[in-house]
Amino acid sequence: MLRILSFDIGGTNIRAASADVGGQTGPVGRLGTPASDHKAFFNCLIDRIAQEPNPPEAIAISIAGVVNPRNGTMIAANIPAIHGTNFAEDLQQQVELPVYVSNDADCFAVAEANLGAGRGHDIVFGIILGTGVGGGLAVHGGLINRNGGYAGEWGHGPVSPRIAGDPPVALPSIPCGCGLSGCLDTVVGGRGLERLHEHLHQEVRQAPDIINGWRSKERSACRTMEIYLDVISGPLAMAVNLTGATVVPAGGGLASAHDLLVEIDRAVRPLTLANPDHPLVVPAASGPEPGLSGAALIAAQAMAQASC
């Protein structure tokens with residue numbers, strides 16, 4: 001059976017584990033990310049690959065970044081060591097193994113489509129509600145972004161509502177790290193929820209505290225969450241319409257609040273054309289390491305296709 005070594009690379013930490021073609025992973029090891037040092041970054045990965053007791057036949061990577069489909073270069077603002085480089089090609093030349101690099105949200109979507117809440121669904125739109133907002137699209141169990149790209153990135157684009165709630169309130173168009181303003185990423189992720197609360201109430205609170213206040217029926221927190229649900233529901237419903245997804249597994253820190261996902265689901269479903277009578281936005285169910293599992297699945301699928 002094909003032996004795959006999976007890496008899940010973020011700006012702070014790298015997780016690594018051996019994996020099989022079905023996305024099942026072994027024990028997970030953790031390393032610090034040399035995010036600003038090109039040589040140290042590559043040496044870190046090369047050393048870890050050399051430590052495998054059974055040499056891998058492929059390297060699969062989930063990363064907090066996007067592969068530019070035009071030229072294969074990385075867009076990885078949090079990892080300047082490889083930003084603007086052809087990371088996959090450079091690593092492949094050094095380790096002499098096939099290397100497959102995918103966005104972490106894409107890996108999440110593929111893991112959910114094959115191992116999690118998306119099993120049995122033809123089209124799975126996996127979303128990340130963490131510090132920021134991300135997403136990936138899997139069709140028939142495979143990644144739609146097979147050569148890299150931006151499909152599923154619903155958090156970016158100037159679509160955040162400028163008026164929301166009942167009674168309505170004006171919302172700012174906040175500059176986003178992608179270079180645009182008014183992106184959902186600035187309002188719907190964890191930091192965005194905090195910005196929203198501060199704008200509405202001139203009060204600085206952490207996202208978990210706002211959610212706990214909402215659960216306790218605190219007036220200010222409830223108003224913030226009402227506005228939050230109004231802001232997120234329309235764009236997410238449009239993403240469902242555009243993709244044809246029949247399930248939307250959600251991961252990330254905010255998504256760990258399953259009662260919040262229930263309310264998001266209730267707000268989104270009536271705004272979709274399909275208006276399904278079953279839950280649409282659901283908790284992720286692919287396990288604790290969707291990045292590692294999804295990366296391995298993507299690599300295995302790519303190698304199987306290449307051998308046909």
Side-chain angles (χ1 to χ4, degrees), residues 8 10-11 62-66 75-78 102-112 117-118 124-138 144-145 149-162 164 171-199 206-208 210-211 224-225 227-243 245 247-258 260-261 263-265 267-268 271-272 280-284 290-291 294:
D8 190 351
S62 166
I63 195 163
V66 177
I75 302 169
N78 293 331
S102 301
N103 170 262
D104 51 1
D106 287 344
C107 291
F108 168 78
V110 170
E112 284 298 309
V124 177
F125 181 43
I127 64 171
I128 303 296
L129 297 174
T131 302
V133 176
L137 187 62
I144 198 168
N145 283 338
Y150 311 95
E153 287 293 348
W154 70 297
H156 296 284
V159 298
S160 182
R162 298 297 302 277
L171 301 176
S173 180
I174 300 170
C176 181
C178 73
L180 299 172
S181 292
C183 294
L184 288 177
D185 190 77
T186 67
V187 186
V188 170
R191 298 294 83 79
L193 176 60
E194 293 164 3
R195 292 188 195 101
L196 183 61
H197 187 83
E198 185 175 5
H199 172 75
Q206 299 296 305
I210 297 168
I211 292 173
T224 297
M225 296 311 300
I227 302 295
Y228 176 91
L229 291 168
D230 199 12
V231 168
I232 193 175
S233 57
L236 185 50
M238 180 60 73
V240 170
N241 287 345
L242 286 169
T243 61
V247 67
V248 183
L254 286 184
S256 65
H258 290 182
L260 174 58
L261 293 186
E263 295 306 316
I264 293 174
D265 179 63
V268 169
L271 303 181
T272 65
L280 179 67
V281 182
V282 297

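Quick caveat: nothing in here was measured; it's all calculated off a predicted structure. Starting from 1, each residue takes its place in the sequence as its number.
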Heavy atoms, side chains only, cut-off 4.5 Å: are [X] and [Y] in contact?
| X | Y | value |
| --- | --- | --- |
| T224 | L193 | yes |
| L236 | F125 | yes |
| V159 | M238 | no |
| V133 | I127 | no |
| N103 | E153 | yes |
| I232 | V268 | no |

Could you tell me which non-hydrogen atom of [X] sits nearest to which non-hydrogen atom of [Y], and how far apart they are?
| X | Y | answer |
| --- | --- | --- |
| L271 | A237 | CB-CB, 3.6 Å |
| D106 | G135 | OD1-O, 3.8 Å |
| A207 | G190 | CB-O, 3.8 Å |
| A138 | A109 | CB-O, 4.0 Å |
| P175 | S181 | CA-OG, 3.5 Å |
| P290 | A111 | O-CB, 3.6 Å |

Practice problem: Kindly indicate, with the supporting measurements, whether the criterion side chain to side chain contact (heavy atoms under 4.5 Å, CB included) is fulfilled by V240 and V248. | Solution: CA-CA 8 Å; V240 170; V248 183; 3.8 Å; yes

Exercise. Could you walk me through whether C183 and S160 pass side chain to side chain contact (heavy atoms under 4.5 Å, CB included), step by step?
Key: CA-CA 6 Å; C183 294; S160 182; over 6 Å; no

Practice problem: Would you mind telling me which of V124, N145, L242, T243 makes a side-chain contact (heavy atoms from CB on, under 4.5 Å) with L137? | Solution: T243

Atom pair [atom1]/[atom2] of [X] and [Y] - distance to nearest 0.5 Å:
| X | Y | atom1 | atom2 | answer |
| --- | --- | --- | --- | --- |
| S233 | Y228 | OG | OH | 10.5 Å |
| I210 | E194 | CD1 | CD | 6.0 Å |
| H258 | E263 | NE2 | CD | 14.0 Å |
| T186 | I174 | OG1 | CD1 | 4.5 Å |
| L254 | T131 | CG | OG1 | 8.5 Å |
| S256 | I211 | OG | CD1 | 7.5 Å |

Quiz item: Can V110 and C107 be said to form a side chain to side chain contact (heavy atoms under 4.5 Å, CB included), step by step?
Solution: CA-CA 5 Å; V110 170; C107 291; 5.9 Å; no

Under a 3.5 Å distance rule, please check whether [X] uses its side chain to pair with a backbone N or O of [Y] as donor and acceptor.
| X | Y | value |
| --- | --- | --- |
| R162 | L171 | yes |
| E112 | A117 | yes |
| D265 | L280 | yes |
| N78 | G11 | no |
| W154 | G134 | yes |
| D185 | G155 | no |
| D230 | A164 | no |

Quiz item: After noting the C-alpha distance and the side-chain angles of R195 and E198, does the key distance pass the salt bridge (Lys or Arg N to Asp or Glu O under 4.0 Å) rule?
Solution: CA-CA 5 Å; R195 292 188 195 101; E198 185 175 5; over 6 Å; no

Exercise. Before giving the answer on side chain to side chain contact (heavy atoms under 4.5 Å, CB included), spell out for V188 and V231 the whole-Å C-alpha distance, their side-chain angles and the decisive distance to 0.1 Å.
Key: CA-CA 8 Å; V188 170; V231 168; 4.0 Å; yes

